[in-house]
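The model shown is predicted, which means the values in this text are computed figures rather than measured ones. Chain identifiers are assigned alphabetically (A, B, ...) following the order of the sequence lines, protein sequences preceding nucleic acid strands; residue numbering begins at 1 within each chain.
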Amino acid sequence: MQYDPKDIERKWREKWQADKTYQVLNDPAKPKYYVLDMFPYPSGAGLHVGHPLGYIASDIVSRYKRHSGFNVLHPMGYDSFGLPAEQYAIQTGQHPAKTTEVNIARYREQLDNIGFSFDWSREVRTSDPAYYKWTQWIFLQLFDSWYDHAAQQAKPIAELTARFATQGWHPTDACALTGDVEEELGAFTAAEWTAFDERTQQRILQQFRLAYLSEAWVNWCPALGTVLANDEVKDGVSERGGHPVERKRMPQWSMRITAYAQRLIDGLDTLDWSESIKEAQRNWIGRSEGALVRFALKNAPGHIEVFTTRPDTLFGVTFVTLAPEHELVEVITPAERRAEVMAYVTTAKNRSERDRMADVKKVSGVFTGATCIHPFTGQEVPVWVGDYVLGGYGTGAVMAVPGGDQRDWNFATHFGLPIIAVTEGADISKEADERKDAIICSEGFLKGLAVPDAITRAIDELVKLGAGERRINYRLRDAAFGRQRYWGEPIPIYYKDGVPYALPESELPLKLPEVDKFLPTAEGEPPLARAANWNYQGHPLETTTMPGWAGSSWYFLRYMDPHNAERFASPEAVNYWQQVDLYMGGSEHATGHLLYMRFWTKFLHDRGWISFDEPAKKLVNQGMIQGVSAKAYRLLYGSMSWGDHVTDETDDPSHLTGPYMFISAELRADWLKNEEDVEVNRLIDHALERHAEHLTQVYGEFPFKLFCDGSAQLKTARKLVDISVLKEDGVSLDMEALPLKDAEFRGGTFITRDGVFRVDREVEKMSKSKFNVVNPDDIISKYGADTLRLYEMFLGPIEQSKPWDTNGIEGTFRFLRKFWNLFYESDVFSVSDEAPTKAEFKVLHATIKKVTEDIERMSFNTSVAQFMIAANELGSLKCNRRGVLEPLVIALAPFAPHIAEELWEKLGHTTSITTAAWPQWSAEHLVEDNFSYPISFNGKTRLQLEFPIALDAKSVEEQVLANPEVQARLEGKAPKKVIVVPKRIVNIVV
RNA sequence: GCCCGGGUGGUGAAAUGGUAGACACGAGGGACUUAAAAUCCCUUGGUCCGUAAGGGCUGUGCGGGUUCGAGUCCCGCCCCGGGCACCA
């Protein structure tokens with residue numbers, strides 16, 4: 001019987017479902033292993049072949065671990081809240097819940113086709129009220145917590161209020177305050193705290209809560225009508241859609257992730273994650289060590305605080321620069337300079353981040369007219385405003401050391417400010433000296449010290465003078481948490497007298513209300529403001545919703561106990577499953593999802609809900625599977641005329657709505673190589689004539705004339721073609737299918753040499769808009785899911801990005817057929833119970849060894865190759881012994897579960913192969929009697945000589961040198977040296 | 001600019017410091033077949049010598065180095081991908 005995947009795969013999918021083969025129980029008797037895939041956002045486009053890559057790899061590991069005796073949790077679900085569904089809802093009026101439902105059904109169908117071992121009884125959806133009840137609950141826990149820096153732990157707000165009631169609060173307790181809280185919080189005594197009214201108390205508490213409401217600078221995206229998180233903004237535009245983003249100050253729910261900055265950095269050292277992801281997170285958190293320095297103001301009370309990583313260069317300070325948005329600018333500027341300074345501040349502030357990024361070179365600034373006092377020298381230092389200083393970073397002010405910092409140098413040079421050398425051997429006439437391995441040359445107590453020593457000394461002095469202290473600064477900002485959108489978790493908060501209060505836990509879930517439209521109200525309120533009775537006991541409810549990352553920050557916990565109505569997951573379940581052992585997903589989530597998930601995990605740990613404080617021990621990032629776009633070339637005419645009208649080549653003739661001319665890719669390439677190419681030019685000229693006639697017919701009246709004269713470059717426009725109209729060879733177009741697929745080709749003139757129109761291929765991101773999407777369903781209907789699974793793994797190392805080329809799939813399909821045929825003798829299932837031969841055992845054990853080791857190190861492409869070798873060799877040996885084939889089927893099962901189940905059943909088993917124990921290899925079957933030594937001269941292999949494996953190095957050397965061919969090569973000379981590495985190589989140095 | 005990856009045949013790729021290119025795709029040749037499909041066999045980095053058997057040289061981005069021996073280790077550069085970036 002020929003291997004025919006269609007029926008086999010359908011049969012087993014149905015059987016697995018009926019038998020609940022993949023259902024996982026929380027069984028404390030068995031060791032656990034938790035394999036998690038980053039759950040998908042169910043988009044309308046469905047899955048393409050790139051999506052399942054990681055799922056297949058994790059499925060192989062899951063199945064392998066199950067064969068190895070582990071109780072494996074391998075769940076799947078949907079991150080089903082999000083912008084696209086809402087945008088679609090706005091356009092079509094369809095409720096996002098509905099489209100999400102449809103999309104999920106489609107995803108599920110596609111996933112099922114691939115034969116994953118997901119336990120679907122544990123499916124979660126972030127948009128399901130039974131799920132988001134707990135997202136809201138976690139939010140309330142965050143709202144009810146503050147961060148105790150001394151203890152490095154989140155604690156209940158009640159402990160803080162108790163502390164206020166006994167100790168009050170003083171700003172030197174600042175360690176308790178973190179993040180983007182911008183209001184200055186004055187000191188209060190215990191008595192004052194008790195005397196404060198409710199409203200004041202609540203406002204103070206906002207500054208401590210881990211989920212808090214504050215006036216904050218946010219990334220406002222007018223086109224999307226919402227606030228975006230930092231990681232959702234790329235180069236000043238929204239990551240999704242590329243809409244402009246502006247900085248805006250508005251009341252905003254935030255998450256105090258900054259409190260965890262240090263722990264998020266430190267925790268990385270304990271994780272088996274790729275170095276690049278860890279580095280990305282470290283960069284994103286952006287820890288810098290340095291000092292806070294206070295420059296007392298000359299003509300005003302108070303001081304300017306600056307953060308610097310180089311307090312050792314303090315003697316090189318020649319001015320201080322404030323960010324335009326710095327609040328002291330207004331305070332210190334004397335009246336006579338006011339107009340000029342404020343004018344600059346206004347322009348600088350209005351420059352968008354994008355503009356500021358665009359011309360980094362341009363120096364701009366203005367002198368405030370004020371001065372401050374250098375803490376060491378007591379000299380007056382002028383205070384400037386410059387937009388190279390960022391308001392949102394550090395203190396929004398820098399001490400300028402033009403001798404040691406290039407940006408300060410640029411500023412000083414531009415405005416003619418003094419530049420003092422701070423380091424020995426610096427040539428400050430050309431540029432600043434930023435070396436950190438230098439010796440300080442400033443006059444004073446730092447002279448002669450190496451930079452690190454000078455830093456320590458400078459900080460000591462600052463502390464002594466009360467002018468500064470050691471400070472660690474983080475780039476990480478608190479995370480914006482509110483979205484002015486509909487399709488997200490409602491924030492369980494109501495307002496009394498404008499003060500936010502937590503909704504009682506008994507009110508959860510706070511369900512997403514029905515609204516008439518998914519748009520903001522006329523007053524600009526978020527869509528939830530449209531909902532009827534959107535209040536709690538008469539108090540208005542919060543109208544913003546949570547961002548996409550909320551639900552995904554803790555979902556790994558819900559899978560442990562997905563139907564628990566009393567708790568996000570039972571303590572027993574959490575204690576059993578613990579951390580994710582293997583987390584598989586894309587590296588694009590490096591600074592978003594993966595950071596937030598770590599943050600929430602640490603928080604839940606702090607508050608005692610879970611016993612671990614990192615979500616995933618090991619993280620593997622699967623590479624992207626890229627698409628290979630097909631580029632056709634549309635010929636742009638050099639010039640054209642019709643009737644009296646003449647266009648020249650600068651006119652875009654595309655105002656004619658076609659038909660168009662297209663030139664085959666190889667002709668274009670030939671022409672570009674040699675524009676005099678007679679044959680190509682003749683073809684083009686001929687086609688121009690034909691096409692002109694054609695246009696004349698189509699548009700009537702005027703005779704068209706088209707030119708593509710020699711002086712003009714052959715101009716073409718890139719036109720992407722849907723890859724489904726490509727023929728088998730991957731470059732020529734199916735001219736019948738083409739006009740049906742894409743109207744732009746209808747009636748076109750195609751310039752070809754041989755009647756075959758060819759395109760160029762280019763590796764790009766696989767996406768619908770590039771017409772290069774390959775749907776796994778198509779592959780499966782042709783070759784089956786097992787072939788798809790094998791092929792995706794065979795393409796290359798899992799972590800690498802690689803282009804999809806369906807052509808290579810034949811190889812894995814052939815392999816499965818060969819494998820199948822090992823069990824068949826001309827259409828009859830035929831497996832012998834005879835003992836396997838030595839050679840057969842060797843193939844088997846070599847394969848088990850290689851595959852086992854390869855799965856452990858996630859090298860799936862090489863394990864597939866080993867299976868191919870095994871099938872080829874066993875085929876040559878005509879092996880059909882049960883003793884070989886049976887263990888081999890088990891080894892193949894994680895990769896190709898359908899065919900494995902089928903053969904397993906045919907071998908006489910009545911239980912699923914998933915319950916079979918993983919085969920063990922033993923070294924005795926792998927020993928060789930002889931080894932064929934490569935004999936090399938000076939490292940170059942010249943011949944092979946076979947010796948018994950047991951032969952010692954000395955005897956090998958003797959026999960090698962005695963060999964006539966070796967002797968011939970030595971030409972009678974004695975070798976300088978002979979290296980014999982047993983079972984490896986012999987190298988003769990001459 | 002800084003920080004991570006990576007660069008090997010026509011293509012995807014393999015290789016604990018020890019025979020570079022396993023395994024596949026593609027290509028070429030052959031067998032079977034009326035034919036096709038399927039299957040099987042051979043060749044396939046480049047280049048040179050030879051009628052042939054066979055052999056020489058060369059080859060893992062570039063230039064050095066360590067080593068008996070380097071795709072692999074070290075130093076310096078070039079290119080590609082990703083991250084960060086007026087971050088003090």
With respect to the side chain of [X], which nucleotide from [options] is positioned closest?
| X | options | result |
| --- | --- | --- |
| A:Q2 | B:A88, B:C87, B:A38 | B:A38 |
| A:F794 | B:G12, B:U39, B:U19 | B:G12 |
| A:R817 | B:C3, B:C86, B:A38 | B:A38 |
| A:M868 | B:G56, B:A88, B:A24 | B:A24 |
| A:I985 | B:C84, B:G26, B:U19 | B:U19 |

Listed by chain and number, what are the side-chain contact (heavy atoms from CB on, under 4.5 Å) partners of [X], not counting sequence neighbours?
| X | result |
| --- | --- |
| A:R475 | A:W284, A:Y393 |
| A:S732 | A:K727, A:D729, A:V756, A:R758 |
| A:Q800 | A:P797 |
| A:V989 | A:N938, A:K976, A:K977, A:I979 |

Integer angstrom distance from the [atom1] of [N] to that of [M]:
| N | M | atom1 | result |
| --- | --- | --- | --- |
| B:A35 | B:U19 | C1' | 45 Å |
| B:A20 | B:A14 | C1' | 9 Å |
| B:C78 | B:G10 | P | 26 Å |
| B:G17 | B:U72 | C1' | 7 Å |
| B:G59 | B:U47 | C1' | 10 Å |
| B:G1 | B:G71 | C1' | 31 Å |

Please enumerate all residues that pass ring-ring contact (aromatic ring centres under 6.0 Å, His included) together with [X], with sequence neighbours excluded.
| X | value |
| --- | --- |
| A:F860 | none |
| A:F931 | A:Y933 |
| A:H48 | A:H51 |

Watson-Crick or G-U counterpart of [N], or none if no pair lies under 3.5 Å:
| N | answer |
| --- | --- |
| B:U44 | B:G26 |
| B:U51 | none |
| B:U33 | none |
| B:G5 | B:C80 |
| B:A85 | none |

To the nearest Å, give me how far apart [atom1] ([X]) and [atom2] ([N]) are.
| X | N | atom1 | atom2 | result |
| --- | --- | --- | --- | --- |
| A:R761 | B:G12 | CZ | C1' | 15 Å |
| A:Y783 | B:C25 | OH | C1' | 11 Å |
| A:L943 | B:G55 | CG | C1' | 13 Å |
| A:R475 | B:C86 | CZ | P | 9 Å |
| A:H326 | B:C86 | NE2 | P | 18 Å |
| A:Q866 | B:A24 | CD | P | 11 Å |
| A:L390 | B:A88 | CG | P | 10 Å |

What's touching nucleotides 65-71 of chain B from the protein side, N or O pairs under 3.5 Å?
{"residue": "B:C68", "atom": "O2'", "partner": "A:N987", "partner atom": "ND2", "Å": "3.1"}
{"residue": "B:C68", "atom": "O2", "partner": "A:N987", "partner atom": "ND2", "Å": "2.7"}

NA contact type, [X], heavy-atom cut-off 4.0 Å: base, sugar-phosphate, or nothing?
| X | result |
| --- | --- |
| A:N872 | sugar-phosphate |
| A:K818 | sugar-phosphate |
| A:R282 | nothing |
| A:K940 | sugar-phosphate |
| A:R942 | sugar-phosphate |

With sequence neighbours left out, write down each residue that passes salt bridge (Lys or Arg N to Asp or Glu O under 4.0 Å) with A:R598, or none if nothing qualifies. A:E614
Here the residues of residues 795-807 of chain A within 4.0 Å heavy-atom distance, strictly under, of RNA chain B are A:L795, A:P797, A:Q800, A:K802, A:N807
If you take any heavy atom closer than 4.0 Å to RNA chain B, which residues from residues 850-864 of chain A end up in contact? A:R857, A:N861, A:T862
Side-chain N or O of [X] closer than 4.0 Å to phosphate OP1/OP2 of [N]:
| X | N | answer |
| --- | --- | --- |
| A:R969 | B:G56 | yes |
| A:N621 | B:G5 | no |
| A:R814 | B:C25 | yes |

Which pairs, with at least one residue in residues 307-319 of chain A and sequence neighbours excluded, count as a salt bridge (charged side-chain N to carboxylate O under 4.0 Å, His left out)? A:R310-A:D312
With syn defined as a glycosidic torsion within 90 degrees of 0 and anti otherwise, which applies to B:G9? syn
For [X] and [Y], does a side-chain donor sit closer than 3.5 Å to a side-chain acceptor?
| X | Y | result |
| --- | --- | --- |
| A:D478 | A:T258 | yes |
| A:Q866 | A:T847 | yes |
| A:E305 | A:T395 | no |
| A:Y783 | A:T812 | no |

Return the 5'-most residue of the pair A:S876, A:E275 with respect to RNA chain B, ranking by each residue's nearest nucleotide. A:E275
Between A:I277 and A:T812, which has a closest nucleotide on RNA chain B that is more 5'? A:I277
Carefully, step by step, assess A:I809 and A:I779 under the rule side chain to side chain contact (heavy atoms under 4.5 Å, CB included). CA-CA 9 Å; A:I809 204 168; A:I779 306 285; 3.3 Å; yes
Quick one: does NZ or CZ of A:K278 land under 6.0 Å from the six-membered ring centre of A:W273, within 45 degrees of the ring axis? no
